[in-house]
Protein chains: 2
Amino acid sequence: MTTKHDDIIEAAKILLWEKGYDATSPRAIQELSNAGQGSFYHHFKTKKDLAAKTMEVVVDERIAEFDEIFGESGPVKERIKRFLLEPRDVLKGCRIGRMVWDSAIGEDDLRRPIQKFFQHLQSQMVAALEQALAAGEIETDIPPEQIATMVIASIQGALTLGRAMQDPAWYDRTIQGAVALVDSVIKPCR
Amino acid sequence: MTTKHDDIIEAAKILLWEKGYDATSPRAIQELSNAGQGSFYHHFKTKKDLAAKTMEVVVDERIAEFDEIFGESGPVKERIKRFLLEPRDVLKGCRIGRMVWDSAIGEDDLRRPIQKFFQHLQSQMVAALEQALAAGEIETDIPPEQIATMVIASIQGALTLGRAMQDPAWYDRTIQGAVALVDSVIKPCR
DNA sequence: GTCTATACCTTGATAGAC
DNA sequence: GTCTATCAAGGTATAGAC
């Protein structure tokens, strides 16, 4: 490490996940990263600027993780199930999805990476489903866009319920339900 | 109106929905309700106290709305679809679900009404599904608890996506997908 | 690039008059 | 019950030395 730039981003990643944008102060970030006021405002114009840059990093990390899990070969159905069943920190929630209800989402710079994330997930799943359909590997009555969006929404909703009830069992039930639904709605062609 | 108590609650309902707990200040509530500091702290011990009491009101309202929509007679499948297709203010989100990512959720008094809401929805849907199963009206391979939780989570997730993308089309796609899945997974027995 | 000191505003709450 | 005045603490940002 040559500058405090990365330490500050690292601290912001932790605090934004834990507390969200509104409840995270520049001071708290400075303390966690052992950086002074000077370093903070030398590297980042404002709190919003730091948050936006932090979210870009977080989104790129999560996209890489998704590609790792979803990208491996195998039947589409298995790939979607792997994504649904990926282990998650239920009580903390989605590092990206939780930002949606923060005032952060009102700012273009903060919203852009968040949108990039969901758009990526959607495109990848839709593409995989359409390819399998074209290849005659699967059959389904539901449009790929709807299946993909539903899968993403299930996870976000499952995390919301798990956190609301302070009980991962609610998350698990939702995910199990989603897996079962995907299973019954995507039919292998032989 | 004889006291400002209700005006303050009313203002809190608006601001908590719009901005969440962290981003809503006692002062903003006072201004919106035309109440002074004195009235505010006469009727409510703290900001947290007001928020808890406001959420109790909001939850009771939403539960009544749900009972209205879901409670009417008809096949379970139709009742669930009515709930899914109930019109919603997509960009503002769920008045209750959005609180889950606020620091509010850490406080017992605030969490309690939120949990009451999701618990009510779940119990009602599970009961309706089990009754229909027992009566031999429907058949399904997925446990009622999973179907119910999935339905609730779909809506929460759909709202998260709609808001993240700033585009109700994402909400609509999710809901359409959920309706289609419910449709294909709950089979009428004749 | 990093630090400390400082400034200014908002927040959440209290005091006390009416 | 309602109001205005006030306060300590923290939030966000700037200044200027090193």
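In the text below, chain A, chain B and the rest are named by the order of the sequence lines, each starting its count at 1.
Linking ILVMFWY residues whenever their side-chain heavy atoms come closer than 4.5 Å, directly or via other members, places B:Ile186 and A:Val182 in the same cluster. A continuous path of Ile, Leu, Val, Met, Phe, Trp and Tyr side chains, each step under 4.5 Å between heavy atoms, connects A:Met99 with B:Ile105, placing both in one hydrophobic cluster.
A sub-4.0 Å separation between OP1 or OP2 of C:dT2 and a side-chain N or O of A:Lys4 is absent. Regarding contacts with the backbone of C:dT2, every side-chain N or O of A:His42 stays at 4.0 angstrom or more from both OP1 and OP2. For C:dG12, neither phosphate oxygen OP1 nor OP2 lies less than 4.0 angstrom from any side-chain nitrogen or oxygen of B:Lys48.
Scanning both residues, B:Ser184 and B:Lys187, for their nearest heavy atoms gives O-CE, 3.9 Å.
Distances were taken from every side-chain heavy atom of A:His43 (C-beta onward) to each of C:dG1, D:dT12, D:dG1; the shortest belongs to C:dG1. Minimum atom distance to the side chain of B:Ser39 is reached by D:dC3, of the listed D:dT12, D:dC3, C:dT14. Between D:dT12, C:dG12, D:dG1, one nucleotide has an atom nearer to the side chain of A:Tyr41 than all others, and that is D:dT12.
Take the nearest nucleotide of DNA chain D for A:Thr46 and for B:Gly36: the residue whose nucleotide is more 5' is B:Gly36. Between A:Gly38 and A:Lys47, it is A:Lys47 whose nearest contact on DNA chain D lies nearer the 5' terminus.
At whole-Å resolution of the value, CD1 in B:Ile8 and C1' in D:dC3 are 12 Å apart. The distance from atom CG of A:Asp49 to atom P of D:dT12 is 14 Å, rounded to the nearest whole Å. Per the geometry, CG belonging to A:Leu15 stands 12 Å off P belonging to D:dT12, to the nearest Å. One can place CG of B:Asp7 at 13 Å from C1' of D:dG1, the figure rounded to the nearest angstrom. Protein atom CG of A:Asp6 is 10 Å distant from nucleotide atom P of C:dT2, rounded to whole Å. Atom CZ in A:Phe44 sits about 18 Å away from atom C1' in D:dT14, given to the nearest Å.
For the pair A:Lys47 (side chain) and A:Thr24 (backbone), a donor-acceptor distance under 3.5 Å is present. Looking only at distances, no side-chain donor or acceptor of A:Asp102 sits under 3.5 Å from a matching main-chain atom of A:Gly20. Looking only at distances, no side-chain donor or acceptor of A:Lys116 sits under 3.5 Å from a matching main-chain atom of A:Asp60.
Of the residues in residues 19-31 of chain A, A:Thr24, A:Ser25, A:Pro26, A:Arg27 come within less than 4.0 Å of DNA chain D through at least one heavy atom, sorted by number.
With a 6.0 Å cutoff to the six-membered ring centre and a 45° limit on the axis angle, B:Arg79 does not count as a cation-pi contact of B:Phe66.
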